[in-house]
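See below for the structure under consideration.
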Amino acid sequence: MSDAVTPFQAPIGTHDVLGAASAEWEGMIATFAQFAYRFGFALVITPMFEDVGVFHRGIGEESEIATKEMYVFTDRGNRTHALRPEGTAPVVRAFIQHSPTTPWKAWYVTPAFRYERPQKGRYRQHHQLGVEVLGTDDPAVDVEVIALAHRFYEAVGLTKFRLLINSMGDAVCRGAYVERLRDHLAAHADQLTDEHQLTWSKNPLRLLDCKDANCVAVTNAGPMLIDFLCADCREHLNHVTAGLSSLGIASHLDPRLVRGFDYYTRTTFEFVSDALESAQNAIGGGGRYDGLAEQLGGKPTSGIGFGSGIERLLMVREAEGVTMGSLLKRDLDLFVIDTTGLDAATLLVDELRRAGFATDRAFDQRSMKAQMKVADKSGARLALLVGPREFEAGEVTIRDLRSDNFEQTQRSVARDDVVFAVGQVLTKS
RNA sequence: GUGGGCGUAGCUCAGUUGGUUAGAGCGCUAGGUUGUGGUCCUAGAGGUCGCGGGUUCGAUCCCCGUCGCUCACCCCA
């Protein structure tokens, strides 16, 4: 006797997508792919894991993600790899490795892994849609990337979201500001929360992201980067906000906006949803990373991108009660019912599928009634019946499953005319 | 990493102040209709009451542990 085996479950913080959710996912990804194509982006696929250095040098060794959230492992060849915690660094690594002509516009859809306790809208494996543009620092590209995100959100039915924007400065002005901020924090360190006692000197910008009232008070009283931008950075930011404005896209300057990765320079942005009560209200974000390629060993190359969480988008869609329906039609055209006990369905289904119709069938020799039920649930427009009578006569019965008076509209056609006949019915509706 | 809530059928949930065979709705299967779905009726299948240990004559219920889910902190998509 074998012992009962406890069934395996998906690992903590991960989830399977199937059933009703799967069409939403497929629709979300297909819609994004369509927008990316429309905006001139091509798909890029990079490995799920990289040398851990790609992320350490990219997102910053002191960042939360690098220090305690990455899935780092050693392979059998003693190489230290990390599962990708985000989408940008690997794409930039690929850019450096292959030197495509610039501007290089790439889009991606990928899982991202972070070891953290799951909660609403936060998982150990989540999925991101995003784009990157390498090789130009034209503020018009910033506008294009942000506009792509904005138009995409609109297309999937979101309405209650805001665009927050800020500038992180560049090599010229950011360093000087960080020193000033550090000095300010040093003078008020006693007012910061315990967990920030180590953070403020190592990564002072992180403090701007804190929601603790005392921290907010301290940083609000201190210097703001927006006031210390060099002339070039200031002009760049002005170009971006003006460009967005000309497209009718409102942006809200948020001088406190900083993001979780160290690689950002100049334009930084985040889309937040007002439809969510929860703490996880960011549906996407990104920014410019003009120093990243160099940090990863490449030639100095400007870059900008954004990423958006699929789980978050679907969550917000639900929270907003989007009524536009499924993003993707996934009902079948045809369902073949075969009660001959022979291989009539096998041949008919193959012919119909080759002709381009979405077609399915039942198995296991079930009764006509049972097969009809399955046909109905499949969402198919037409049922094609082949019973002994049709088989003998060389015919197929076409039944409109979406008609109120299907008895009247049911008719038989010659077996050889089926493709033509269903084509007529399906194109005129 | 820290803290709260919750684990009963595929799903959503009742229930037992500890006591024989644990329930409903939906879903699924079959029949009513010997070749016809969406309505209706009938029947059936499906549960080690998350798992392990303890207390007890007896535990799905009480206690402890554990695993998982969930929410919040932190952080982020």
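Letters go in sequence order (proteins before strands), and every chain restarts at 1. Computed over heavy atoms, backbone and side chain alike; hydrogens, waters and symmetry mates excluded.
Looking at heavy-atom distances under 4.0 Å, A:A375 makes no contact with the nucleic acid at all. Across all strands shown, A:R206 has heavy atoms under 4.0 Å from sugar-phosphate atoms exclusively, and none from any base. As judged by a 4.0 angstrom heavy-atom cut-off over every strand, A:R114 is placed among the base-contacting residues. Residue A:Q410 is classed as a base contact, given a heavy-atom separation below 4.0 Å to a base. Counting any heavy atom pair closer than 4.0 Å across all strands shown, A:S403 reaches a base atom. Within the 4.0 angstrom heavy-atom criterion, no nucleotide atom of any strand lies near A:G285. No engagement by A:I310 is indicated, since no non-hydrogen atom pair under 4.0 Å with the nucleic acid exists. A:E270 comes within contact range of no nucleotide atom at all, as no heavy-atom separation falls under 4.0 Å. No contact: A:R124 has no heavy atom under 4.0 Å from any strand.
Looking at A:K377, its side chain has no donor and acceptor atom pair within 3.5 Å of the base of B:G27. Counting atom types as modelled, A:Q119 pairs no side-chain N or O with a base atom of B:C75 as donor and acceptor under 3.5 Å. At a cut-off of 3.5 angstrom, the base of B:G3 holds at least one donor-acceptor pair with the side chain of A:R117. Judged by distance alone, with hydrogens and angles left aside, A:Q371 brings no side-chain donor or acceptor close enough to the base of B:U36 to form a pair under 3.5 Å. Looking at A:R259, its side chain has no donor and acceptor atom pair within 3.5 Å of the base of B:C76. Side chain A:R122 to base B:C71: no donor-acceptor pair is found below 3.5 Å.
With P as the reference atom, B:U8 and B:C76 are 35 Å apart, rounded to whole Å. The gap from the P atom of B:U20 to that of B:C26 amounts to 28 Å, rounded to the nearest Å. Spacing between B:U55 and B:C71 at atom C1', rounded to whole Å, works out to 33 Å. Comparing B:G50 with B:C6, their C1' atoms sit 12 Å apart, to the nearest whole Å. One P atom belongs to B:U2, the other to B:G65, and the distance between them is 15 Å to the nearest Å.
Residue order along RNA chain B, read from the 5' end via each residue's closest nucleotide, puts A:R399 first among A:R399 and A:Q125.
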Measure all distances between protein nitrogen or oxygen atoms and nitrogen or oxygen atoms of nucleotides 65-68 of chain B, and list the pairs falling under 3.5 Å.
| unit_1 | atom_1 | unit_2 | atom_2 | d |
| --- | --- | --- | --- | --- |
| B:G68 | O2' | A:Q9 | OE1 | 3.4 |

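By the neighbour-count criterion of 12 heavy atoms within 6.0 Å, atom CZ of A:R180 is sparsely surrounded, having that number or fewer from other residues, nucleotides or ligands.
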*asked:* For A:E392 and A:R389: C-alpha separation, side-chain torsions, deciding distance, then whether salt bridge (charged side-chain N to carboxylate O under 4.0 Å, His left out) applies.
replied: CA-CA 5 Å; A:E392 283 300 312; A:R389 279 209 300 268; over 6 Å; no

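For A:R124 and A:Y115, the positive end sits near the middle of the six-membered ring, less than 6.0 Å away and at most 45° from its axis.
Computed from coordinates, the A:M368 CE to B:G31 C1' distance equals 17 Å when rounded to whole Å. To the nearest angstrom, P of B:G27 lies 9 Å from NZ of A:K373.
The shortest distance between side-chain heavy atoms of A:R381 and A:L401 does not fall below 4.5 Å.
An aromatic stacking contact links A:H126 with the base of B:A77, defined here by ring centres under 5.5 Å apart and ring planes under 30° from parallel.
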